[in-house]
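Reckoned from all heavy atoms, side chains included, excluding hydrogens, waters and symmetry mates. Proteins get letters first, then strands, A, B, ... in listed order; numbering begins at 1 in each.
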Amino acid sequence: MIEIRDLNIRLLDFTLSDINLGIAENEFFILMGPTGAGKTVLMEAIAGLVPIKSGKIFIREKDITRLPPEKRDISIVYQDYALFPHLTVFENITYGLHFHRIDTAQAEERLNRLFDVLNISHLRERLPAKLSGGEKQRVALARALIVDPSVLLLDEPLSALDPGFREDVRNALKTLHQSSSATFLMVTHDFAEALSLAERAAVINKGIIEQIGDMKEIFEKPNSPFVADFVGMKNLFKSSSSGTHAMVSGLRIETGRTIDPSSHYVAIRPEDIVISRENISSSMRNNYSGIVTKIDNQGFYYEIDVRVKDVSFKGLITKGALIELGLKEGIPVYISFKASAVHVF
Amino acid sequence: MKREPFFWITISCGVVIMAFILLPLIQLMTSPSLGMLRETIQDKDVVRSIWLSIYTAGLAALISFVFGTPLAYLLARREFSGKRFVEGIIDLPIAIPHPVVGIAILSVAGKNHWIGQVFSELGVRVMGSVTGIVTVLTFVGIPFYLNAAKTGFESISPRLEKVSRSLGASMFSTFVRITFPLAWRSMLIGIIMCCARAISEFGAVVIVAYHPMIAPVLIYERFEAYGLRYSQPVAVWLVSICLVLFLILRILTLRNAKEI
């Protein structure tokens, strides 16, 4: 559906290099990465809004690289909504219809459906300045979808919203994706948001795509230190390996499988690490004794740093477990994790 | 609450400046008798010169609008090397002494320069003509229009235009439907500033065209020939008419401001 080949972009203060990306028809695809990674630039390139240095972009096998934005049939929704401030909600939403040949009955039907799904019909005559963030984003979505685009680009549509509105808009996005034939491409820096919406994703950093794949695959098998860190694999160590175990600063970590010799990192999710006061005998292959060096309150969870020899592990526990275990900085504990929880790359 | 001394300094400076600006103007406006004012406005030379002042300034603003709008838009939207330099050039007419502007224009439009020769071949006369006056007024007025329009365009998020394009609008439709409706107020303010600057020009015009006489030149001539008392009534009429015109424009803009 969307096919990007060897795309290079050079802007004054930014470059995107050798982007190759394929997205299937009607897919919900997510582009993830930290702020400043080049997500928005890549999206604007697909929409024809930034100049391209080299490479090609195809949509439904048609080369659109040189087409102006108005001929691409791609709608875009921005984080800051970008509603036309001098037009009412109704005029904003129907703006695109001026430039498309759609018969009135069909347009009306689409309009009513969008008003319905997004629950904004009561806002019809209001100006954007009089709307809340969630309402603005829903109007922006309606405006983008009324022209029935082949691709909908979403630039961090949830980031500027309050948590309550965020859930509303996220659910609306799901509904709209299911009922629409458009391919959704959404940009976000929030991994949790991506997990709840997309089937497949790409992680982009400093203008380069680090990994493309199923959400599950990216979450469980990151292929670079950056992606591992981005998806929350906070225990990330450089390692050397032999046979089925990896050595991290003299610490032997069992993986239960033969390690590819080209691997240089091991990663373990903090939630896979079990912390206890006594050396519990369990089926877990990796058991170490260490010292608690830091306890960090993260709201629902506490992040516990445990130093084992020269290696610092991070584990997550609930507040209840923290009190039950009587954890304090400086006390000795045992940590253990399964061989299968160790990710090697 | 006890006011600090700094507060009193700001207030007294403000009062002094207000008085400094208003006192001479009020004195000027109240000096001539009503009879003299009536007599002056029946003087054909006066009416002609005020009318000439207004419409040459208007033409200068129109030219600035037509040629300046695309440049202002370009400067607001694009980054390119040498942009600062271009912006510096645009501000030059503000900094150059007025008679020097007149002399500079004459040195290009005069008989010793090929451009002047081409003009005279075509039958266009700059020296001592309305063309010359409009040329000079555009020269001094256009920076004001460019800067105001540029600020207006800059205040509109480029994303609005991007969304409009992605929804199927061409560049031209986008300008007409989105950019212009959001920027026209700044553009109008630019036109008013350009007009105001043009109407007040004297030094450059007097070098390029003493005749036909614009109002400031006429005021200067009456002052030189007959003294303060005879120049005042013309000045009062010029100031009043300009104030009324600008006031009308401002009211029109403010009324529309409430609608958005």
Return yes when atom [atom1] of [X] has more than 12 non-hydrogen atoms of other residues, nucleotides or ligands closer than 6.0 Å, and no otherwise.
X	atom1	result
A/Glu25	CD	yes
B/Met171	CE	no
B/Phe20	CZ	no
B/Phe119	CZ	no
B/Phe7	CZ	yes
A/Lys62	NZ	no

As an exercise, state the distance from [atom1] of [X] to [atom2] of [Y], rounded to the nearest 0.5 Å.
X	Y	atom1	atom2	answer
A/Tyr81	B/Ser157	OH	OG	13.5 Å
A/Asp73	B/Ser166	CG	OG	10.5 Å
A/Thr94	B/Leu167	OG1	CG	10.5 Å
B/Arg177	A/Leu87	CZ	CG	9.0 Å

For A/Lys130, which residues count as a salt bridge (charged side-chain N to carboxylate O under 4.0 Å, His left out) partner, sequence neighbours excluded?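 If we apply the salt bridge (charged side-chain N to carboxylate O under 4.0 Å, His left out) test to A/Lys130, skipping adjacent residues, there are no hits.
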Salt bridge flag under 4.0 Å for residues A/Asp155 and B/Lys162: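 Salt bridge flag = no for B/Lys162 with A/Asp155.
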Nearest heavy atoms of [X] and [Y], plus distance in Å:
X	Y	result
B/Ile178	A/Tyr95	CG1-OH, 3.4 Å
B/Ala169	A/Glu70	O-CB, 3.4 Å
A/Phe84	B/Val163	CZ-CG1, 4.0 Å

Tell me, side chain or backbone of [X] under 4.5 Å from chain B's heavy atoms, or both, or neither?
X	value
A/Thr40	side chain
A/Ala140	neither
A/Leu83	backbone

Do any of residues 41-54 of chain A have a heavy atom less than 4.5 Å from a heavy atom of chain B, and if so, which, in residue order?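 At a heavy-atom separation under 4.5 Å, chain B is reached by A/Glu44, A/Leu49.
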Any donor and acceptor pair, going by atom type alone, linking the side chain of A/His98 with main-chain N or O of B/Gly168 inside 3.5 Å?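 Pair absent, no side-chain N/O of A/His98 close to backbone of B/Gly168.
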